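Since we're looking at a predicted model, the values are computed, not measured. Position 1 is the first residue of the sequence, and the numbers go up from there.
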Amino acid sequence: MIKFPLEPDPDHVLYVAENLRQDDIQEVMLSHGATARDAVIDSWAYSDIVHGMATGDDVPCGLCGVAGHHIWMLGTDRLTESKENRWQLCVEGRQWVDYCIRELGGPLFNQVYSKNLESIRWLKFLGFTVESPRPFGPSAALFCDFWRDA
């Protein structure tokens, strides 16, 4: 079971940064040329909305937020370690996205690495439209734009 939403303190943020899952490390490097630490800290520091997630035994396992209208989520392997956690991310994630759209008064969007199939399936479940891959970022790797409005 994931505890969400939490107000993340600096220790929570640093724990996620130091334990980021490999898919997220690869995605932030390809999309922005950023290290895991920089990506997590910058996302936390520069977002209008930020929430933390922790495991049932209070270990930080993720952060999510919105900067402008760019929605993002970064997590550790524990975030999706069980079927229960993945289901909870789907159900509560959809409610959270609805909240962010209402709070910000407009669409949410970003890019996802085209080889990150688990994230793409999750985004579609949350109601996002996921576009065809195109070169993006300093690596020119293939990323898919995704977006959702009310």
Side-chain angles (χ1 to χ4, degrees), residues 1-6 8 12-55 59-101 104 106-150:
M1 185 72 145
I2 297 172
K3 296 177 181 178
F4 174 79
L6 302 173
H12 184 117
V13 174
L14 288 175
Y15 185 88
V16 172
E18 292 167 3
N19 294 280
L20 202 60
R21 58 187 169 185
Q22 192 59 44
D23 284 348
D24 287 346
I25 292 171
Q26 181 180 35
E27 189 165 285
V28 299
M29 180 55 68
L30 292 172
S31 65
H32 293 85
T35 66
R37 184 180 177 89
D38 288 345
V40 172
I41 291 171
D42 287 352
S43 295
W44 171 64
Y46 297 110
S47 290
D48 304 303
I49 299 172
V50 180
H51 289 120
M53 295 166 269
T55 62
V59 176
C61 64
L63 292 163
C64 57
V66 181
H69 285 267
H70 286 83
I71 191 166
W72 58 270
M73 184 178 83
L74 298 165
T76 72
D77 288 329
R78 297 225 30 213
L79 184 63
T80 57
E81 71 183 350
S82 70
K83 187 176 182 177
E84 180 183 61
N85 285 10
R86 290 187 301 274
W87 178 248
Q88 186 180 0
L89 279 174
C90 289
V91 173
E92 292 185 27
R94 192 166 183 115
Q95 295 168 0
W96 185 75
V97 170
D98 291 342
Y99 160 79
C100 291
I101 289 171
L104 297 171
L108 300 175
F109 50 86
N110 211 329
Q111 295 80 31
V112 60
Y113 184 42
S114 64
K115 292 183 180 180
N116 195 339
L117 301 179
E118 182 180 352
S119 291
I120 291 171
R121 280 192 304 274
W122 180 67
L123 288 164
K124 288 179 177 179
F125 185 89
L126 296 182
F128 284 92
T129 297
V130 180
E131 304 288 344
S132 298
R134 65 176 180 84
F136 178 77
S139 69
L142 294 178
F143 278 75
C144 302
D145 291 328
F146 67 88
W147 58 273
R148 183 175 153 205
D149 206 348

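Scanning both residues, V130 and K124, for their nearest heavy atoms gives CG2-CG, 3.9 Å. Residues I120 and S114 come closest through the heavy atom pair CD1-O, 3.6 Å. Nearest heavy atoms, G52 versus P8: N-CD, 3.7 Å. For the residue pair A17 and A36, the shortest heavy atom distance occurs at O-CB, 3.8 Å. Considering all non-hydrogen atoms of both residues, G106 and D149 come closest at C-OD1, 3.9 Å.
S43 has its side chain within reach of L74: a pair of non-hydrogen atoms, C-beta onward, lies under 4.5 Å apart. Residues W147 and E131 meet the side-chain proximity criterion, which asks for heavy atoms closer than 4.5 Å. Counting only heavy atoms from C-beta outward, the side chains of F128 and V97 approach each other to under 4.5 Å. With a 4.5 Å cut-off on side-chain heavy atoms, S31 and F136 count as touching. Residues H32 and D38 form no side-chain contact, since every pair of their non-hydrogen atoms from C-beta on lies 4.5 Å or further apart. At least one side-chain heavy atom of M53 sits less than 4.5 Å from a side-chain heavy atom of M73. In this structure the side chain of E27 reaches within 4.5 angstrom of the side chain of F143, judged on heavy atoms. With contacts defined as side-chain heavy-atom distances shorter than 4.5 Å, the pair L14/R37 qualifies.
Rounding to the nearest 0.5 Å places CG of D77 at 8.5 Å from CG of N19. Separation of atoms CD (E81) and OG1 (T55) is listed at 7.0 Å; rounding is to 0.5 Å. We find the CZ-CG distance between R121 and L126 to be 13.0 Å, quoted to the nearest 0.5 Å. Once rounded to the nearest 0.5 Å, the distance linking CD of Q88 with CG of L79 reads 9.5 Å. Rounding to the nearest 0.5 angstrom, the gap separating the CD1 atom in I49 from the CH2 atom in W96 is 6.5 Å. Between I2 atom CD1 and S82 atom OG the span is 7.0 Å, to the nearest 0.5 Å.
Between the side chains of S47 and W72, at least one donor N or O lies within less than 3.5 Å of an accepting N or O.
Aromatic ring orientation, Y99 versus H51: tilted (interplanar angle from 30° to 60°).
Checked by atom type and distance alone, the side chain of D145 never pairs as donor or acceptor with a backbone atom of Q111 at under 3.5 Å. Between the side chain of N110 and the backbone N or O of H70 there is no donor-acceptor pair closer than 3.5 Å. Using modelled atom types, no side-chain atom of R78 and backbone atom of V59 make a donor-acceptor pair closer than 3.5 Å.
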For residues 61-68, which side-chain donor-acceptor pairs fall under 3.5 Å, sequence neighbours excluded?
none

Evaluation steps, side chain to side chain contact (heavy atoms under 4.5 Å, CB included), between T76 and R21: CA-CA 5 Å; T76 72; R21 58 187 169 185; 5.8 Å; no

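Partners of D42 under the salt bridge (Lys or Arg N to Asp or Glu O under 4.0 Å) rule, at least two apart in sequence or in another chain, do not exist in this structure.
T80 pairs with exactly one of D23, N85, L89 by the side-chain contact (heavy atoms from CB on, under 4.5 Å) rule, that one being L89.
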